[in-house]
Chemist: 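The structure follows.
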Amino acid sequence: MFAYLIRRIGQSLLILFAMSLLVFLAVYTLGNPVDSLVSPDADQADRAAVIRQLGLDRPIWEQYGLFLWNALHGDLGTSFVYGLPAVDVILMRLPATLELAVMALLFSLAIGIPLGVLAGLRPNSLVGRTIMSGSILGFSLPNFWIGLMLILVFAVQLRILPSGGRGETVSVFGVAWAFLTLDGLKHMLLPAFTLALYKSSLVVRICEAGTRDVMSQDYIRFARGKGLSPARIVCVHILKNILIPVVTIMGMEFGALIAFAVVVESVFAYPGMGKLLIDSINRLDRPVIVAYLLTTTLIFVIVNFAVDLMYAALDPRIRLSDEGAT
Amino acid sequence: MSGAPALEVTDLSIAFQSRHGLLTAVHGVSFSVGRGEVLGLVGESGSGKSVTGLAVMGLLDAAGRITSGSVRLLGTELVGLSERQLRKRRGRDISMIFQDPSTTLNPVLRVDTQIIEALTAHERLSQKAARARAVSALEAVGIPSPAERLTAYPHQFSGGMRQRLAIAIALLHRPAVLIADEPTTALDVTIQAQVLSEVQKLAADQGTGLVWISHDLSVVSGLADRVAVMYAGRIVETGSVADILTDPAHPYTSGLIASVPSRNRRGSPLAQIRGAMPSLAAVPPGCPFHPRCDFASGICARAMPEPLAFADRIVRCHHPLAAAARAETLSA
């Protein structure tokens with residue numbers, strides 16, 4: 001277990017290092033930040049001064065070394081737009097996106113698991129087929145369009161839910177959370193559902209395939225032969241088996257939820273990290289873009305680590321040892 | 001003990017919905033098992049023996065159903081009972097164990113969970129009492145240090161131990177009937193013998209009637225009181241194990257006996273029945289065994305032989321071998 005942890009942390013650090021290199025190359029070396037920082041009528045001497053000040057006259061490995069050194073000290077530069085450290089700007093927006101993603105994850109599980117299991121139990125029935133066809137729809141409808149349609153129906157026509165924004169927040173441990181207020185939850189409902197729709201289709205398909213597979217196993221026959229109730233067979237014998245792939249895939253997809261949030265946050269004018277990223281790209285706020293990418297990577301790494309631990313908790317055949325680490 | 005046998009199956013037919021329409025897998029099968037009695041149900045793969053076992057339990061797949069006949073458990077008709085009513089009998093009055101012990105136990109649930117849920121499905125008892133019953137059940141099937149092993153997962157047991165677990169679970173409520181679907185086939189030979197005698201002893205002690213489904217006549221011969229031989233969904237011969245082994249009346253039975261490897265015939269080529277079991281969709285007309293039979297004549301291809309009873313045996317053949325022929329001449 002200890003060896004596994006060490007190895008796993010080593011892997012995570014490697015991923016972060018590789019990502020920092022990519023981000024640096026993509027953002028710091030493409031294009032010339034000087035153009036956007038120096039006024040067009042500045043003379044050559046002014047430009048040279050700025051270049052020297054930013055360290056752009058040094059060799060690229062030295063620039064990267066400096067970037068990495070600062071990054072290790074939690075300094076990813078200062079936002080051009082907000083005049084604050086980029087990391088602080090991201091962290092201010094992070095809770096909004098996190099709670100949106102978690103809410104979307106809960107939605108997709110709450111919708112996907114029951115429907116998927118039901119479809120798997122009755123694969124040839126009308127209900128089963130309807131669910132499976134519906135999941136294809138959920139896969140193929142574009143996120144932003146669903147968001148717009150939901151706004152149209154619930155905010156414009158029915159006027160029961162707000163069309164955008166984050167609503168009221170309460171401060172807990174110095175962080176503003178919206179999920180603790182009714183107004184905040186109302187604001188979160190539509191964007192979270194929009195985000196969840198695609199994921200719930202995915203969960204439906206995993207659960208359907210898993211249920212059909214597990215249903216044909218001898219141990220389900222044996223369990224029925226013991227005289228167990230259908231509820232016990234579905235909720236304990238089937239569910240615990242199909243949760244393993246669900247946890248794995250949803251863990252990986254949690255990162256994608258945060259990434260997809262970019263589109264949904266824009267549609268719903270939701271003040272999260274994704275919207276911040278779009279705004280920053282429009283304003284060429286490079287430090288914020290870098291901070292966003294590295295934060296997202298860090299979240300991916302942490303979530304995957306957590307998934308591995310949950311995986312071991314769900315499946316007793318998996319031991320977190322050196323051989324078992326995948 | 002009451003007059004009714006533990007399990008009495010009469011004229012049971014089972015069909016499956018398939019792409020080729022409704023295919024009948026089992027035709028009018030009848031057999032009975034008394035308390036403490038052992039019936040061997042023997043046949044090649046595809047003969048319908050496992051399907052018969054599942055149908056008796058009411059555990060057929062969604063595609064399969066009982067089309068006619070009756071299954072009486074301790075005198076009560078099971079065919080036509082609702083799933084809820086069947087569930088009350090399953091595990092309590094009738095149990096089943098399966099071939100592959102590595103797939104019979106749920107891999108993600110602890111052993112104690114799987115035993116205790118089987119107990120509480122039919123009895124109200126405290127967690128503590130259930131645990132005590134679980135320990136003694138494991139003890140009874142010869143699992144060492146049962147109290148510690150209770151919290152283990154199935155994959156931490158060997159194949160033989162897993163089958164013992166399944167047997168322990170199946171026998172928790174001292175059922176009147178245990179259907180054993182080739183439970184020793186997947187085990188090592190030495191373990192096979194142990195598990196075999198374990199089940200036999202437990203069933204005899206509890207007065208459980210045993211239906212032992214197997215393709216292996218040599219296993220059944222040491223275990224069963226009576227044998228029913230199945231071919232292509234029909235019982236072609238039944239009788240006591242001694243009669244059937246020493247004096248088979250159906251050419252198929254005699255072929256099965258001849259294909260058991262024996263030390264006495266070392267060096268000589270192993271006898272085998274030519275051809276293969278027909279598929280459900282292409283069962284030959286008349287006696288389904290006639291294309292593989294050495295004694296087949298014109299009538300075999302045209303008409304299905306009627307069951308012929310003599311002494312306490314039944315055989316379904318136009319040209320029964322020695323014993324039946326003798327019986328016929330006697331009665332003539």
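Naming: A, B, ... by sequence-line order, numbering from 1 per chain.
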Chemist: Which region of Leu59(B), side chain (C-beta onward) or backbone (N, CA, C, O), has a non-hydrogen atom less than 4.5 Å from a non-hydrogen atom of chain A, or is it both or neither?
Modeler: both
Chemist: Strictly below 4.0 Å, N to O, side chains only: are Asp181(B) and Arg221(A) in salt-bridge contact?
Modeler: no
Chemist: Where the side chain of Asn106(B) meets the backbone of Tyr219(A), is there a donor-acceptor pair that is under 3.5 Å apart?
Modeler: no
Chemist: Under 4.5 Å from any heavy atom of chain B, what part of Ser229(A) do you find: side chain, backbone, both or neither?
Modeler: both
Chemist: By a 4.5 Å heavy-atom criterion (distance strictly below it), what part of Ala166(B) contacts chain A: side chain, backbone, both, or neither?
Modeler: both
Chemist: Looking at every heavy atom in both Ala121(B) and Leu228(A), which two are closest together, and how far apart are they?
Modeler: CB-CD2, 3.9 Å
Chemist: Counting only non-hydrogen atoms closer than 4.5 Å, does Gln114(B) touch chain A with its backbone (N, CA, C, O), its side chain (CB onward), both, or neither?
Modeler: both
Chemist: Of the non-hydrogen atoms in Phe222(A) and Met96(B), which two are nearest, and what is the gap between them?
Modeler: CE1-O, 3.3 Å
Chemist: Between His122(B) and Lys226(A), is there a donor-acceptor pair closer than 3.5 Å when you use the side chain of the first and the backbone of the second?
Modeler: yes
Chemist: Do Glu117(B) and His237(A) come close enough that some side-chain heavy atom pair is under 4.5 Å?
Modeler: yes
Chemist: How close do Asn241(A) and Pro107(B) get, heavy atom to heavy atom, and via which atoms?
Modeler: OD1-CG, 3.9 Å
Chemist: Quick one: closest heavy-atom pair of Val108(B) and Lys240(A), and the distance?
Modeler: O-NZ, 3.2 Å
Chemist: Which atoms of Ile179(B) come close to chain A, meaning under 4.5 Å heavy atom to heavy atom: side chain ones, backbone ones, both, or neither?
Modeler: neither
